[in-house]
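Residue numbers start from 1 in every chain, and the chains themselves are labelled A, B, ... in the order their sequence lines are given, proteins ahead of strands. Since the structure is predicted, the reported quantities are computational estimates derived from the model, not experimental observations.
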Amino acid sequence: MDRVIETHRLSKVYRRGVYALRDVSLQIDKGEFVFLTGPSGAGKSTLLRLLLCEERPSDGRLTVSGRNLDELRPREVQAYRRTIGFVFQDFKLIPRMTVLENVSFVLRVLGLSSVQQRRRTFQVLKWVGLQHRMNAYPQDLSGGEQQRIAIARALVNDPALVLADEPTGNLDPDLSLEIMNLFREINARGTTVLVATHDRELIRQVGRRAISLDQGHVTEVM
Amino acid sequence: MDRVIETHRLSKVYRRGVYALRDVSLQIDKGEFVFLTGPSGAGKSTLLRLLLCEERPSDGRLTVSGRNLDELRPREVQAYRRTIGFVFQDFKLIPRMTVLENVSFVLRVLGLSSVQQRRRTFQVLKWVGLQHRMNAYPQDLSGGEQQRIAIARALVNDPALVLADEPTGNLDPDLSLEIMNLFREINARGTTVLVATHDRELIRQVGRRAISLDQGHVTEVM
Amino acid sequence: MGALAYSLEQALLSLWRGRGASLLSIATITLALFVLGAFLLVTLNVQRLVGAWRGSAELSIYLQDEATPAERTAVEHLLDASPFVAAHDYVSKSQAEKRFAALFPDLAGLSGEPAGNPFPASIEVRLRSGPGTEGAVDALAGRLRAAAGVSDVRYDRRWIDRLVTLAGIVGAVGLLLVTVLSVAGALSVAIVVRLALFARRDEVEIMRLVGAPLSYIRGPFVTEGLLHGGVGALIAIGLLLAGLVAVRAEYGLAVQAALGLAPIWLLPLRLCGLVVVGGMVVGGIGGLVAAWSSR
Amino acid sequence: MGALAYSLEQALLSLWRGRGASLLSIATITLALFVLGAFLLVTLNVQRLVGAWRGSAELSIYLQDEATPAERTAVEHLLDASPFVAAHDYVSKSQAEKRFAALFPDLAGLSGEPAGNPFPASIEVRLRSGPGTEGAVDALAGRLRAAAGVSDVRYDRRWIDRLVTLAGIVGAVGLLLVTVLSVAGALSVAIVVRLALFARRDEVEIMRLVGAPLSYIRGPFVTEGLLHGGVGALIAIGLLLAGLVAVRAEYGLAVQAALGLAPIWLLPLRLCGLVVVGGMVVGGIGGLVAAWSSR
Ligand SMILES: Nc1ncnc2c1ncn2[C@@H]1O[C@H](COP(=O)(O)OP(=O)(O)OP(=O)(O)O)[C@@H](O)[C@H]1O
Ligand SMILES: Nc1ncnc2c1ncn2[C@@H]1O[C@H](COP(=O)(O)OP(=O)(O)OP(=O)(O)O)[C@@H](O)[C@H]1O
Ligand SMILES: [Mg+2]
Ligand SMILES: [Mg+2]
């Protein structure tokens with residue numbers, strides 16, 4: 001089977017010698033659905049940020065689909081990011097744009113016609129149950145609604161790899177499970193999914209492989 | 001017993017006729033510990049924002065300790081806010097200030113000496129387990145760490161009323177329970193606590209009164 | 001293509017949504033370009049004016065009352081021989097008296113009384129300006145002064161020197177100010193674009209993270225800079241024109257009368273082009289720099 | 001007290017942490033004030049210069065070679081009687097020849113030859129300036145021209161008129177520019193403080209929400225405006241002084257020689273005070289407005 005994500009003795013040290021990741025080696029295959037779990041400050045977001053090229057590894061090797069992320073040039077980084085769907089822990093919606101614009105922007109960059117943009121955007125907004133709020137601005141939405149918009153944006157361009165950082169932190173259990181079912185559906189169509197979460201109940205309910213981090217170390221691979 | 005929070009047919013309509021709260025009437029007494037729960041977009045944050053005077057009610061009456069919040073003048077609003085500890089759903093930490101400064105700022109405004117400021121700040125940071133990160137900037141912390149700083153700031157000036165909006169959304173279950181125990185401790189010393197959360201498991205574990213909202217209506221008072 | 005359309009759309013949107021800040025920014029660029037243009041304009045006009053004055057610099061040769069026509073002709077031959085003399089004009093005693101009477105009608109009675117006509121005949125000479133004129137004219141003046149029948153030669157050199165020096169100082173100060181103001185203009189564009197960037201740095205960061213191509217990220221800022229610069233320049237040109245017309249209406253006649261010359265009221269097309277292109281270039285560069293420096 | 005200390009501390013911190021933007025802002029204010037100060041300075045000096053020139057305006061009375069000492073005395077009495085004459089000086093024929101020889105050594109041989117000394121004796125008159133001088137002097141010139149023994153009277157009025165007109169235009173343009181630049185200065189302070197506010201609008205909102213008193217929220221911005229204005233003003237004054245010294249060193253002698261007068265190189269204390277106070281007031285107001293407008 002194809003390796004999608006592979007890390008080898010990956011470490012990340014922030015300023016002042018804070019080790020967020022230390023010698024992390026793991027593999028995720030194409031089509032897998034994997035949870036990343038661990039207590040607050042374990043390094044989950046850091047690993048995802050490295051996968052998005054938002055940070056550079058301090059040490060070790062990190063390859064995605066066989067390409068070493070450390071060797072990408074700026075233009076390639078942008079192209080690479082367009083193949084990923086990322087749900088940010090703090091949503092990162094553009095306040096100046098409406099919900100519709102926030103989500104369809106990704107498609108516009110890919111060069112889709114505006115009819116296609118609208119159709120696809122409307123579809124994902126319906127998936128997360130927010131099609132009626134599409135002309136609102138992000139700051140006029142509740143926390144959970146913003147989170148669902150962030151999820152919609154990550155899924156809109158049918159990415160090959162979905163990385164989600166705590167995507168249900170602001171959602172009630174029922175909605176969380178619904179979103180997870182959405183991820184499962186996308187996964188069933190061949191997309192590799194990596195979800196960081198602290199919600200053990202949810203992991204149990206979804207019942208997939210989970211990687212545990214603690215203080216930068218991999219402690220458990222279920 | 002003293003009424004701390006009392007609402008009478010309280011409504012809040014946002015632009016474009018979005019009803020976030022509709023005819024909400026409830027009472028919370030001094031020394032109570034109350035959960036506010038409900039699905040995403042139910043109006044939990046809106047109710048808390050009204051209690052902080054961040055928004056004005058569209059209709060109905062809202063009194064805190066017998067004072068009608070709608071009648072406060074700007075200077076009084078600021079003084080009133082200083083008597084409240086508020087945990088924001090999106091943390092609202094000041095990026096320009098270190099963790100220590102973010103937390104001690106509230107004390108500084110109250111006119112405490114810098115020795116007292118440091119002592120008290122150190123104490124609350126220890127409560128949330130982040131005394132070792134006190135010289136970091138908020139953006140250098142993980143999501144859960146930022147959330148705990150927000151909690152520390154809300155508690156630092158020993159407020160008479162604590163309002164917390166989804167204070168454990170980014171925390172793992174163990175840490176969540178620890179934070180809830182902290183709130184319970186503070187509550188035991190006479191502080192009124194109102195916590196908005198979607199985590200039913202947590203409500204069950206803490207076992208206090210819970211008010212359920214759905215689409216702006218009170219649906220259940222346990 | 002997509003990026004271009006997107007950039008223009010976003011820049012226009014940003015101009016509209018951030019009207020306040022955009023207005024402020026355009027006003028600053030307008031002011032910078034207006035002051036710069038005004039300076040170039042004033043410098044240009046003063047230079048031409050001084051040039052015109054130098055061109056009209058006069059040598060007056062006063063003839064003795066007892067000078068013979070032959071002596072006068074000799075003097076005129078001397079003038080004709082000099083390459084620096086543009087023209088000369090004989091003013092007879094009676095013409096001089098008439099001129100005085102015309103200038104000071106109330107004194108007309110006084111002049112003629114005791115000793116007949118007191119005004120000397122003179123030859124007024126218009127000089128050609130050019131390099132080396134001054135030294136040569138000084139020499140000519142000396143020769144003329146020594147010629148028979150000449151009572152005095154007056155050459156307004158001291159005043160012209162003063163004027164040229166003054167014009168030189170004004171020009172130097174102007175140059176200094178234009179330099180300073182160009183820097184100020186560039187600086188304000190930088191500030192304004194920085195302001196735009198500041199206001200949207202989170203957005204830029206987010207765009208980067210969702211994989212927007214660099215042209216989509218930077219394009220709108222460059223376009224916005226260009227728009228600000230262009231609009232500012234056009235307004236500045238309008239203001240310059242209006243100012244010129246106003247000054248002309250207010251002072252035109254007075255200035256013309258006092259200076260004895262029609263001053264040059266020009267707003268050269270070249271200057272206009274320069275201002276517009278300059279504004280857009282500076283604006284665009286400001287936008288580019290700001291966009292590039294965004295991490 | 002707490003709010004005051006806090007404001008100063010935060011303003012200094014903000015100045016330090018946001019060095020880039022602060023530098024930009026201070027530079028803008030510096031430029032605005034520098035240009036303003038330079039203008040006031042140039043206008044001031046030109047005005048004084050023109051005043052001095054007007055004060056030194058000369059009337060030259062050329063005497064006929066055959067004029068008797070009695071006639072000369074009569075002319076001098078006429079001058080003494082006029083309230084507009086500051087002083088007068090007799091230049092004899094031989095003195096005039098010496099002067100000419102000194103000015104044009106190469107022509108010295110030419111002058112004396114055919115008809116003896118060709119230079120007329122003259123009386124040079126320094127006039128007092130004041131209202132009504134010109135008309136009166138014109139009248140006096142007419143009277144003198146008619147007096148016995150006088151061959152010609154020259155009054156440099158045309159040139160002075162031109163100069164005065166020129167100075168007037170320079171002054172008017174200067175006033176216009178000073179106005180424009182004051183507006184530009186205020187605008188740039190507004191932009192800069194807006195920039196500071198923009199960069200920290202989230203912070204201001206958070207402070208508001210955690211119950212900070214209004215003095216704590218607004219104080220730092222006002223203080224920052226004051227600091228920017230004050231620092232900018234001090235730098236502007238330094239630049240003005242440096243520029244003045246440099247221009248003086250470069251052009252001082254040449255200007256003095258050409259103008260026949262020592263120009264006034266002044267940087268009045270009043271002007272310095274004005275610039276500093278002006279900078280701080282404008283900066284403070286900018287900060288205040290920005291702080292107040294923060295929702
Ligand atoms: N930019 C940064 N500079 C310095 N330290 C950082 C930075 N970002 C994260 N850290 C530290 O690295 C560690 C891991 O952070 P990370 O965000 O990966 O944790 P996490 O597993 O996502 O936690 P959470 O569940 O709370 O979001 C934490 O101790 C955090 O304080
Ligand atoms: N500023 C606003 N303008 C317009 N609508 C708003 C605004 N803020 C909130 N809303 C709407 O009001 C409703 C209630 O929002 P609120 O933030 O109170 O929900 P919530 O219970 O906190 O939800 P969550 O659990 O997702 O945070 C939502 O439908 C939301 O879209
Ligand atoms: Mg995280
Ligand atoms: Mg909420």
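Options A/Q147, A/Q146, A/R15, A/E201 differ in how many heavy-atom pairs under 4.5 Å they form with chain B, and the most are formed by A/R15. Of the residues considered (A/N135, A/D165, A/L141, A/T37), A/N135 shows the highest number of contacts with chain B, using heavy-atom pairs under 4.5 Å. Looking only at heavy-atom pairs under 4.5 Å with chain B, the residue among A/D199, A/L175, A/D140, A/T168 that has the most is A/D140. Here A/P39 is the residue among A/S45, A/A136, A/P39 with the most heavy-atom pairs under 4.5 Å with chain B.
B/H198 places a side-chain N or O within donor-acceptor distance of the main-chain N or O of A/G169, the cut-off being under 3.5 Å. A/D172 places a side-chain N or O within 3.5 Å of a backbone atom of B/S40 that can act as its donor or acceptor partner.
Within a 6.0 Å radius of CZ in B/R9, no more than 12 heavy atoms belonging to other residues, nucleotides or ligands are found. Heavy-atom neighbours of A/R56 CZ from other residues, nucleotides or ligands within 6.0 Å: above the threshold of 12. Shown here is A/Q215, whose CD atom has no more than 12 heavy atoms of other residues, nucleotides or ligands within 6.0 Å. Within 6.0 Å of the CZ atom in B/R108, the count of heavy atoms belonging to other residues, nucleotides or ligands exceeds 12.
Both the backbone and the side chain of B/E145 come within less than 4.5 Å of a heavy atom in chain A. Only the side chain of B/S142 comes within less than 4.5 Å of a heavy atom in chain A; its backbone stays farther off.
The CG atom of A/N170 sits 5.5 Å away from atom CD of B/E166, with the distance rounded to the nearest 0.5 Å.
Contacts of B/R200 classified as salt bridge (Lys or Arg N to Asp or Glu O under 4.0 Å), with partners at least two apart in sequence or in another chain: A/D174.
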